[in-house]
Protein chains: 2
Amino acid sequence: MTQTATTRALGPKGVSALSEELRLACMRISRRVRFESVDGDLAPHHFSVLARLEDGARTPRRLADIEKVSAPSMTRTVGYLVDAGLVGRHDDPEDGRRVLVELTGEGRAAIEQTRRRRGRWMSERVAELTAQEQATLAEAAAILGRIAAR
Amino acid sequence: MTQTATTRALGPKGVSALSEELRLACMRISRRVRFESVDGDLAPHHFSVLARLEDGARTPRRLADIEKVSAPSMTRTVGYLVDAGLVGRHDDPEDGRRVLVELTGEGRAAIEQTRRRRGRWMSERVAELTAQEQATLAEAAAILGRIAAR
DNA sequence: TATTGTTATACTCTATAACTATA
DNA sequence: TATAGTTATAGAGTATAACAATA
């Protein structure tokens, strides 16, 4: 709640400068991670949908809402994932209009593989930092996580 | 160079966990910033090319190489920006095969406007943090900047 | 002969509108 | 009548191949 006596909150100029620096740093990190790990032919929107299914089956309608794309687009995306064997499509026993999309074992494996590849680039760099720097980043990650969730 | 006696560098597990947390935080921040600031009809690839021209004119060939797209794609993108009045296309007096693409005043204004909009979302959130948190983020931004540049 | 830029053509992802089946 | 999903069709953005102009 209270702040230490030696530090003062930043003024508008300082806030603006820090925000710009942080924003750019985050964008660059994201871009590097994305480029450095080619994701083995799994396009961003395909991976994104797979990840949404990790904690359970979803209808195409719900997936379209979450991913902010149209229903026909999601039909197409799900169709691709079915053909690739990464998800299964089943009729909902409770509502004949509905379809449930669910991860296959292969789909789960694809998610894990993509995550591992992406994590490698970052891990190699974090490992080279001093303990002090790692501690700072751990605190920063928590703060950034809170900011992004708001 | 030397580290404080009270902290120890992270082991492989800790590095991996921290990396994943940081990577996700950076991705989420980037995505939020991108979504929250709609960029006034300026698509990402259009903005990206404009930004490349800030420190001087470039040929379409060079722009295509930098942005990692094909020459025909860049022809199309530059064509759009010319139609929008954001860049100008001029013959290179030194080499008749070449064309030089250059920012117009309107193009410069569009870059500034986009940057301002993007900065606002982040600034609003950074301003609400404690002085301690802001200080942590300032250190983190410097470290992340170094990582991204390597 | 090599390089710069454009045009021709095709593929992918996206969208809106129209259609089918179920509630 | 409303909702879930699909199919039909069109609009961006991208790519490769072929072409014209210049070096």
Side-chain angles (χ1 to χ4, degrees), chain A residues 31 34-35 38-53 56-103 107 110 114, chain B residues 31 34-35 38-53 56-103 107 110 114:
Chain A
R31 192 169 42 200
R34 210 171 55 241
F35 280 148
V38 186
D39 289 358
D41 300 335
L42 202 55
H45 66 292
H46 291 148
F47 177 74
S48 195
V49 168
L50 283 188
R52 299 294 186 185
L53 297 173
R58 298 259 185 288
T59 65
R61 177 70 261 165
R62 180 101 181 87
L63 288 171
D65 289 342
I66 294 173
E67 295 289 313
K68 305 229 191 296
V69 297
S70 65
S73 281
M74 191 49 68
T75 291
R76 187 186 172 83
T77 298
V78 169
Y80 170 87
L81 294 173
V82 169
D83 290 347
L86 303 177
V87 306
R89 193 162 20 189
H90 314 284
D91 291 337
D92 184 335
E94 296 178 5
D95 186 336
R97 297 170 303 182
R98 286 188 168 161
V99 170
L100 287 172
V101 182
E102 200 167 14
L103 277 180
T114 296
Chain B
R31 193 169 42 198
R34 212 170 54 241
F35 279 150
V38 187
D39 289 356
D41 299 333
L42 204 54
H45 66 292
H46 291 146
F47 178 74
S48 195
V49 168
L50 283 187
R52 298 295 187 186
L53 298 173
R58 296 262 185 288
T59 64
R61 177 70 260 167
R62 181 103 181 84
L63 288 172
D65 288 343
I66 295 173
E67 295 290 313
K68 307 233 191 293
V69 297
S70 65
S73 281
M74 191 49 68
T75 292
R76 188 187 171 83
T77 298
V78 169
Y80 171 87
L81 294 173
V82 168
D83 289 347
L86 303 178
V87 307
R89 191 162 23 189
H90 315 285
D91 292 337
D92 185 335
E94 295 178 5
D95 185 336
R97 297 171 302 183
R98 287 187 166 164
V99 168
L100 287 172
V101 183
E102 201 167 15
L103 277 180
T114 295

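Residue numbers start from 1 in every chain, and the chains themselves are labelled A, B, ... in the order their sequence lines are given, proteins ahead of strands. Being a predicted model, the structure only gives us computed values, none of them experimental.
- Atom OH of B:Tyr80 is separated from atom P of D:dG11 by 17 Å (rounded to the nearest Å).
- A:His45 places none of its side-chain heavy atoms less than 4.5 Å from the side chain of A:Val69.
- Rounded to whole Å, the distance from CE on A:Met74 to P on C:dC13 is 12 Å.
- To the nearest angstrom, P of D:dA4 lies 13 Å from CG of A:Leu63.
- Put simply, CZ on B:Arg76 is 13 Å from C1' on C:dT9, counting in whole angstrom units.
- Atom CG of B:Asp83 and atom P of D:dG13 are 12 Å apart (whole Å).
- Toward the 5′ end of DNA chain D lies the nearest nucleotide of A:Leu100, the other residue of the pair A:Leu100 and B:Lys68 mapping further downstream.
- Taking side-chain N and O atoms only, A:Ser73 has no distance below 4.0 Å to OP1 or OP2 of C:dC13.
- Atom CZ in B:Arg52 sits 13.0 Å away from atom CG in B:Leu103 (nearest 0.5 Å).
- Listed pair B:Thr75 / D:dT14 fails the phosphate criterion, with no side-chain N or O lying under 4.0 Å from OP1 or OP2.
- Within the 4.5 Å cutoff, the side chain of A:Leu86 has heavy atoms near those of the A:Leu42 side chain.
- Contact between the side-chain N/O atoms of B:Arg98 and the OP1/OP2 oxygens of C:dT4 is found at a separation under 4.0 Å.
- Each of B:Pro60 and A:Pro72 has a nearest nucleotide on DNA chain C; the 5'-most of these lies closest to B:Pro60.
- Other residues, nucleotides and ligands place no more than 12 heavy atoms under 6.0 Å from the CZ atom of B:Arg62.
- The phosphate of C:dT6 (OP1 or OP2) has a side-chain N or O of B:Arg89 nearer than 4.0 angstrom.
- Within the 3.5 Å criterion, the main-chain N or O of B:Ser73 finds a donor-acceptor partner in the side chain of B:Thr77.
- Listed candidates were C:dC13, D:dA4, C:dT4. Nearest to the side chain of A:His46 is C:dC13.
- One can place CG of B:Asp91 at 21 Å from P of C:dT3, the figure rounded to the nearest angstrom.
- Taking atom CG of B:Asp92 as the reference point, atom C1' of D:dT22 lies 12 Å away to the nearest angstrom.
- Atom CZ of B:Arg97 is separated from atom C1' of C:dG5 by 10 Å (rounded to the nearest Å).
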